[in-house]
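So that the names make sense, note that chain A is the first sequence line, chain B the second, and so on, each numbered from 1.
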2 protein chains.
Amino acid sequence: MPAAKSLEPASYVVLGMLRLGARSGYDIKRAVDVSTRFFWTISPAQIYPNLRRLERAGLVRGRSEPRGRRPRRLYELTSEGEGELAAWLRRDEPLTWELRDAGTLKLFFADALEPAEAAEVLAGIRRRSERFLERMRHEIHPAAVAVEEVEGHAFPLVSLRLGIAVHQAMVDTCRQLERELTARV
Amino acid sequence: MPAAKSLEPASYVVLGMLRLGARSGYDIKRAVDVSTRFFWTISPAQIYPNLRRLERAGLVRGRSEPRGRRPRRLYELTSEGEGELAAWLRRDEPLTWELRDAGTLKLFFADALEPAEAAEVLAGIRRRSERFLERMRHEIHPAAVAVEEVEGHAFPLVSLRLGIAVHQAMVDTCRQLERELTARV
DNA sequence: TAGGACATGTAATGCGTTACATGATTAT
DNA sequence: ATAATCATGTAACGCATTACATGTCCTA
């Protein structure tokens, strides 16, 4: 019997990364660090127990490949796992969207500051997004392009374009608001 | 001696909401629900203990105003609290930005789907942001405008404009990507 | 052959939410 | 007068991170 109830998101990250070619828990951790981290983080303590559970559920198949006396386990997706992943992707359900943003939080309370100081809060938010854009464009983007060309996976790049667009909008809007604020002084 | 080390973000939400006119823990909860919730959530279980701690630290002053036999406590900011809030707003520090977005996560793995199904994932993300925009423009925005006009607090509206810009960018980018995807079929 | 980086995992801790408990006020 | 809603809080639980423990491989 396939998984009776739907899995937690972290499990789908594991399944998805296996599908994209990861074989070990460590592979998954590294892949997350340069990709989904920007919209969904998971930690080692979620990855390894999840692999075991998914194996018991028949969604992945694992085998031991110790390195010397050090245990080590490699995994691959079963066809059941592939099906479960696709079913999740197709499932029409509420998509969680949760943000924790200390920048916008400070901005919200910035009436307690002088206008010049409030402008500095805006500038801090803008610089943060500029740094995000820098990293996305120069570190992540080339890797995503390579993955598309070599492995034929197009959607990591698509999701990156969405992230870039969001931070570009942050930068543009901050600039606009900074102008309005200095104009008022 | 004023607070030796800097507080957690939830404490600044409490201080900030008191400054904006909230008097009780419940006031703070309601204010959060219609404003900072979109970029920083806190729950009752964080609010009430925080008020007690802030009172012990001398940053807020509380008094009992029971309703019948039901205990009830009202608070106001002390000048020390006002100073601590402003110091945090001025402090130049790394601004956390963390997102949990199941939509972009699905999009990242959408190579496992047919193009038409992947377009449906994009459409789901777009509709979610359209609903956000709807609520921000029709529920939150009027309230923020009223707060600006009546109380003179301008920055709740500024932070809202930032949030609207982000979701508008999501909508625009999804539309563009949907077009590209259907063009490829 | 020693030091550092790579790799694999686990345990403990802490934080925040969910659910609950309780009482007052309002509406019907 | 009864239900529904407003209001004030707390306790327990669960999840996810931080820190740690350990072994292997590379390199100088």
Using whole Å, report how far [atom1] of [X] lies from [atom2] of [N].
| X | N | atom1 | atom2 | value |
| --- | --- | --- | --- | --- |
| R67(A) | dT24(D) | CZ | P | 11 Å |
| E8(B) | dG16(C) | CD | P | 6 Å |
| R30(B) | dG9(D) | CZ | P | 13 Å |
| R63(A) | dT8(C) | CZ | P | 13 Å |
| D33(A) | dT17(D) | CG | C1' | 13 Å |
| R69(A) | dG9(C) | CZ | C1' | 16 Å |
| Y26(B) | dT25(C) | OH | P | 14 Å |
| D27(A) | dG9(C) | CG | C1' | 14 Å |

From the set dT22(C), dT24(D), dC6(D), return the single nucleotide nearest to any side-chain atom of R70(B).
dT22(C)

If you find the nucleotide of DNA chain D closest to L74(B) and the one closest to R100(B), which residue's nucleotide is nearer the 5' end?
L74(B)

R161(A) side chain reached by I164(A) side chain, heavy atoms, under 4.5 Å
no

Is there a residue in residues 35-53 of chain A whose heavy atoms reach under 4.0 Å of DNA chain D, and which residues are they?
T41(A), S43(A), A45(A), Q46(A)

Tell me whether the centres of the aromatic rings in W40(A) and F108(B) are closer together than 6.0 Å.
no

Quick one, E130(A) with R135(A), criterion salt bridge (Lys or Arg N to Asp or Glu O under 4.0 Å). Give me CA distance, side-chain angles, the key distance, then yes/no.
CA-CA 9 Å; E130(A) 285 167 346; R135(A) 293 190 49 201; over 6 Å; no

Test log, rule salt bridge (Lys or Arg N to Asp or Glu O under 4.0 Å), inputs E120(B) and R90(A):
CA-CA 8 Å; E120(B) 193 46 46; R90(A) 280 193 271 262; over 6 Å; no

No-hydrogen, no-angle side-chain donor-acceptor test under 3.5 Å, R61(B) and T78(B)
no

For dT8(C) and R72(A) - does any side-chain N or O of the residue sit under 4.0 Å from the phosphate oxygens OP1/OP2?
yes

Within the pair S24(B) and dT8(D), is there a side-chain N or O less than 4.0 Å away from OP1 or OP2?
yes

Nearest non-hydrogen partners of V60(A) and L51(A), listed with the distance
CG2-O, 3.8 Å

Within the structure shown, what part of the strands sits under 4.0 Å from G68(A) by heavy-atom distance: base, sugar-phosphate, or nothing?
sugar-phosphate

Check the pair E178(B) / R126(B) against salt bridge (Lys or Arg N to Asp or Glu O under 4.0 Å), numbers first and verdict last.
CA-CA 10 Å; E178(B) 287 175 75; R126(B) 173 175 49 76; 2.6 Å; yes

